[in-house]
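A short worksheet on the structure shown next.
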Amino acid sequence: MNYTSTRDQSVVASAAQAIAQGISQEGGLFVPQSFPQYSYTDLVEMQHLPYTARAQRILADFLSGFSQDEIAQSVQAAYTAEKFGGENPAPLSLLQSGDRNMYLLELWHGPTAAFKDMALQLLPQMLTRAMQKEHPGKTAVILVATSGDTGKAALKGFENVEGTQIAVFYPQNGVSQMQKRQMCTQEGENVGVFAIEGNFDDAQAGVKRIFTDAGCIQLLQEHNMLFSSANSINWGRLLPQIVYYFSAYCDLMATGEMDYEGEKINIVVPTGNFGNILAAYYAVKMGLPVNRLICASNSNNVLTDFIRTGIYDRNRPFYTTISPSMDILVSSNLERLLYDMTGGDDKQVAAWMAQLAQTGRYEVGDAVKHKIQDLFFSGYCDDEQTQREIRALYKTENYLCDPHTAVAVNVYGQYIEQTGDTATPTVVASTASPYKFPASVLQAVTGEEAVGDEFEILDHLASVSAVPVPQPIAQLRNKPVRFQTVCRSDEMQQAVLKMLHIR
C-alpha cells in the first residue's frame, strides 16, 4: 500500500513517509493508491472481536512497511481500559426519540473527553515508528491548528514523547473556556500552546504556510528536525477514525440489529473540517453497507451549501457558536473527497484548491455534484436549535449531550422530515463530553444563563443532571495555567522557532 498526493499523482510515498511528513511537499494531501475491500464474511468474522483486534486488522491493510507486532503494540498502547474507561473505547448508546431510533456512537471516553482521542492516542505510536523508519535520529516538530478538541488530544498524546516537539495554535476567542483550560494547563517538556488573534481558518492557514515555507524547512533541517502534523490532514490521524465506523456496524451485528447481509445503516457526523465524515466515506468505499452519510453543520454551513449546490464559497460571515469545534469555513479534508470523486484527477483538484486560495470559492461540475449527492445528505442548525435539541434529549431521554452531538441529532431529524426514512438504523457520531461545554449545556438544560467561573458552572451542571464529571475534566480544577501567549497569524512561525530555541 503506497500513497500519492491529491495535487500531484507523480508523488509516491510509503505509509511511513506519509505519516512522518504529514502533508505532501506541494501542499496536497496523501491518499492511498487503492483501498482494501471488506466482504460480509469479513464483517461476520470481526463482529465478536474486541475493538483492538478490529483496529489491528484494518490498520494492517494500510500500513505496509509496519510489522504486525508494531501495529499490535501501537494499538494495545493506545486503547487501554485505563485510558478509555473500558474494553470498548467507542460504545453505542441507543436513544429513541419520536421517529428517531438512533445509536449514539460515544467517541469521547478517552483522556481528553473528545473523539480526537480515538486517533491521537494512536498517532504518536505510529509517528514515532514512522520517524525511525524514514528519518532516524531526527526530531518531529508537530504543528497543530485546533478549533478546540484536536489541540488538547494532540498535546496529551504527544506529551513527553521522545523525539517530538508539538506546537498548538487555537483561536483566542473561538474555543470554550474548558477547552482553553485543557490546553493551557497541559503538562510536558515538549509542548507549546499559543492563542492567535483570529479564527480557526486563520490558524489552519498559518500552519500550512509554515509547512511549505522553504526557508523554515531548511532551518529545521539544519537543526536535525522536520515538520509533521497531528491534524487530520495527516493520514495517520485520519486512518484510525475509519475503524470506529466498522466497529459500530460490527457491534450492531453482534446485538442482532443488523441481521442480514448487506443491511445498511445511516451515519450522521457533525463536522467542520470534514475529516470525521471522510473517514466514514472511506469505510463505505471499503465495503461498509451504508445508505446515506449525513453531514451536519452549525451556522458556519459552508459544507451544507457545497453538498446542495456544488459551490464551495468561504466568502460569508463567520459565526462564533456554542459548537466551536465546527466553526470552520475552509474544510481541508474535502480535498480528499474531491480527489476520489474525480477519479483521481490531481490537476483538477489542484486547480480548485488554487481557486479557493485566490478567490475563496470554486464550483464542481454536475457529474461530481451528483455523485456526492447520491451518498451525502446535508443540513445545519443554529445555536437556538442546538440548545433546544440538548434540552429535548435531556428531558425525554435523560441523556446529556454536548452541542456538537446536538447539531448532528437535529440534522438527523431534518433528514427524516425530508426523506421519511425512519426504518434505516442510524449511527450518530457523538463527538465530545457535555462537560467540555458546561455553560452552553447548562443553559440549554435549565433555560437560564450560566453564572460563575467554569468550575462553578461545572458543579452546577453535575448537580442538575446527576451525570458524573469525567475525571480528565474534574482534574483541571487544580492544574496551574502554563501557557498564555497570544500572537497574530503572521507571527506563528516566529513563535514556533522561539519554542524550538532556533531563534
Side-chain angles (χ1 to χ4, degrees), residues 1-3 14-20 30-92 105-107 109-111 115-134 153 157-158 161 230 232 234-254 275-276 278-280 282-288 427 429:
M1 174 71 74
N2 283 325
Y3 295 79
S14 67
Q17 182 183 343
I19 292 170
F30 288 114
V31 289
Q33 289 185 325
S34 62
F35 282 82
Q37 296 301 302
Y38 285 69
S39 66
Y40 182 68
T41 302
D42 294 318
L43 297 174
V44 170
E45 289 175 356
M46 288 197 294
Q47 70 172 308
H48 296 299
L49 295 177
Y51 189 92
T52 50
R54 294 168 182 169
Q56 286 170 221
R57 177 165 180 176
I58 293 170
L59 294 174
D61 283 334
F62 288 95
L63 297 178
S64 301
F66 289 75
S67 71
Q68 289 292 335
D69 282 347
E70 286 177 314
I71 295 169
Q73 289 166 12
S74 297
V75 168
Q76 295 297 333
Y79 301 122
T80 64
E82 181 183 9
K83 289 179 180 177
F84 285 88
E87 296 302 321
N88 185 356
L92 291 167
L105 177 58
E106 294 180 346
L107 300 170
H109 292 283
F115 81 100
K116 306 298 176 73
D117 290 325
M118 297 298 298
L120 283 165
Q121 283 300 303
L122 184 59
L123 178 60
Q125 303 288 330
M126 295 193 296
L127 181 63
T128 52
R129 287 175 168 84
M131 287 292 293
Q132 290 165 9
K133 295 174 189 297
E134 294 290 320
F158 282 96
V161 171
S232 55
N234 189 322
W235 177 251
R237 233 298 298 281
L238 192 64
L239 173 57
Q241 297 178 247
I242 296 172
V243 176
Y244 50 68
Y245 293 112
F246 274 99
S247 186
Y249 191 93
C250 290
D251 284 346
L252 292 176
M253 290 175 69
N276 203 8
L278 180 70
Y282 283 154
V284 176
K285 190 173 173 66
M286 293 162 63
L288 191 70
V427 172

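Start at 1 with the first residue, then count along the sequence.
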Trace of the side-chain contact (heavy atoms from CB on, under 4.5 Å) decision for Arg57 with Glu45: CA-CA 11 Å; Arg57 177 165 180 176; Glu45 289 175 356; 3.2 Å; yes
Glu70-Gln125 side chain donor-acceptor pair, cut-off 3.5 Å: no
Hey, are the side chains of Phe62 and Tyr3 touching, using non-hydrogen atoms and a 4.5 Å cut-off? yes
How long is the gap from NZ on Lys116 to CG on Leu107, to the nearest 0.5 Å? 11.5 Å
Answer yes or no: is there a side-chain heavy-atom contact under 4.5 Å between Val284 and Tyr245? no
Under a 4.0 Å threshold between the charged nitrogen and the carboxylate oxygen, would Arg129 count as salt-bridged to Glu134? no
Tell me, do Asp251 and Asn88 make a side-chain contact under 4.5 Å, heavy atoms counted? yes
For Tyr79 and Phe84, take the angle between the two ring planes, folded into 0 to 90°, and tell me which bin it lands in: parallel under 30, tilted 30 to 60, perpendicular over 60. tilted
Less than 4.0 angstrom from a charged side-chain N to a carboxylate O is my criterion; do Arg54 and Asp42 meet it? no
Between Val161 and Leu127, is a side-chain contact (heavy atoms from CB on, under 4.5 Å) present by the stated rule, with each step listed? CA-CA 10 Å; Val161 171; Leu127 181 63; over 6 Å; no
Quick one, Ile242 with Met286, criterion side-chain contact (heavy atoms from CB on, under 4.5 Å). Give me CA distance, side-chain angles, the key distance, then yes/no. CA-CA 10 Å; Ile242 296 172; Met286 293 162 63; 3.9 Å; yes
Measure across Pro124 and Gly157 and return the closest heavy-atom pair with its distance rounded to 0.1 Å. CG-O, 3.2 Å
Would you sort out whether Leu239 and Leu63 count as a side-chain contact (heavy atoms from CB on, under 4.5 Å), showing the intermediate values? CA-CA 10 Å; Leu239 173 57; Leu63 297 178; 3.9 Å; yes
Could you give the distance from OG (Ser247) to CG (Leu105), rounded to the nearest 0.5 Å? 8.0 Å
Below 4.5 Å, heavy atoms only, C-beta onward: do Asn276 and Tyr244 meet side chain to side chain? yes
Value rounded to 0.5 Å, distance of CZ in Arg237 from CG in Leu120: 5.0 Å
Nearest heavy-atom approach of Pro240 to Leu122 is CG-CD2, 3.7 Å
Apply side chain to side chain donor-acceptor pair (under 3.5 Å) to residues Gln76 and Gln56 and explain how you reach the verdict. CA-CA 9 Å; Gln76 295 297 333; Gln56 286 170 221; 3.0 Å; yes
Nearest 0.5 angstrom please: Met131 CE to Gln17 CD, how far? 12.0 Å
Do the non-hydrogen side-chain atoms of Leu238 and Tyr282 ever get within less than 4.5 Å of each other? yes
Taking all atoms of both residues into account, what is the closest heavy-atom pair of Ala55 and Val75, and its distance? CB-CG1, 4.1 Å
Inter-residue atom distance Leu43.CG - Leu252.CG, 0.5 Å rounding: 11.5 Å
Rounded to the nearest 0.5 Å, what's the gap from CD on Glu106 to CZ on Phe115? Could you check? 15.0 Å
Judged by atom type as modelled, is there a donor-acceptor pair below 3.5 Å linking the side chain of Lys285 to the main-chain atoms of Pro36? no
Between Phe246 and Val243, is any pair of side-chain heavy atoms under 4.5 Å apart? no
Do Met1 and Pro32 come close enough that some side-chain heavy atom pair is under 4.5 Å? yes
When you compare the side chain of Met118 with that of Tyr51, does any pair of heavy atoms fall below 4.5 Å? yes
Using a cut-off of 6.0 Å, state whether more than 12 heavy atoms not belonging to Glu87 lie near its atom CD. no
Inspect the surroundings of CD in Gln37 and state if more than 12 heavy atoms from other residues, nucleotides or ligands are less than 6.0 Å away. yes
If I compare all heavy atoms of Ala16 with all of Ala130, which pair ends up nearest, and what's the gap? O-CB, 3.4 Å
Might you point out which heavy atoms bring Lys83 and Ala77 nearest each other, and give the distance in Å? NZ-O, 2.8 Å
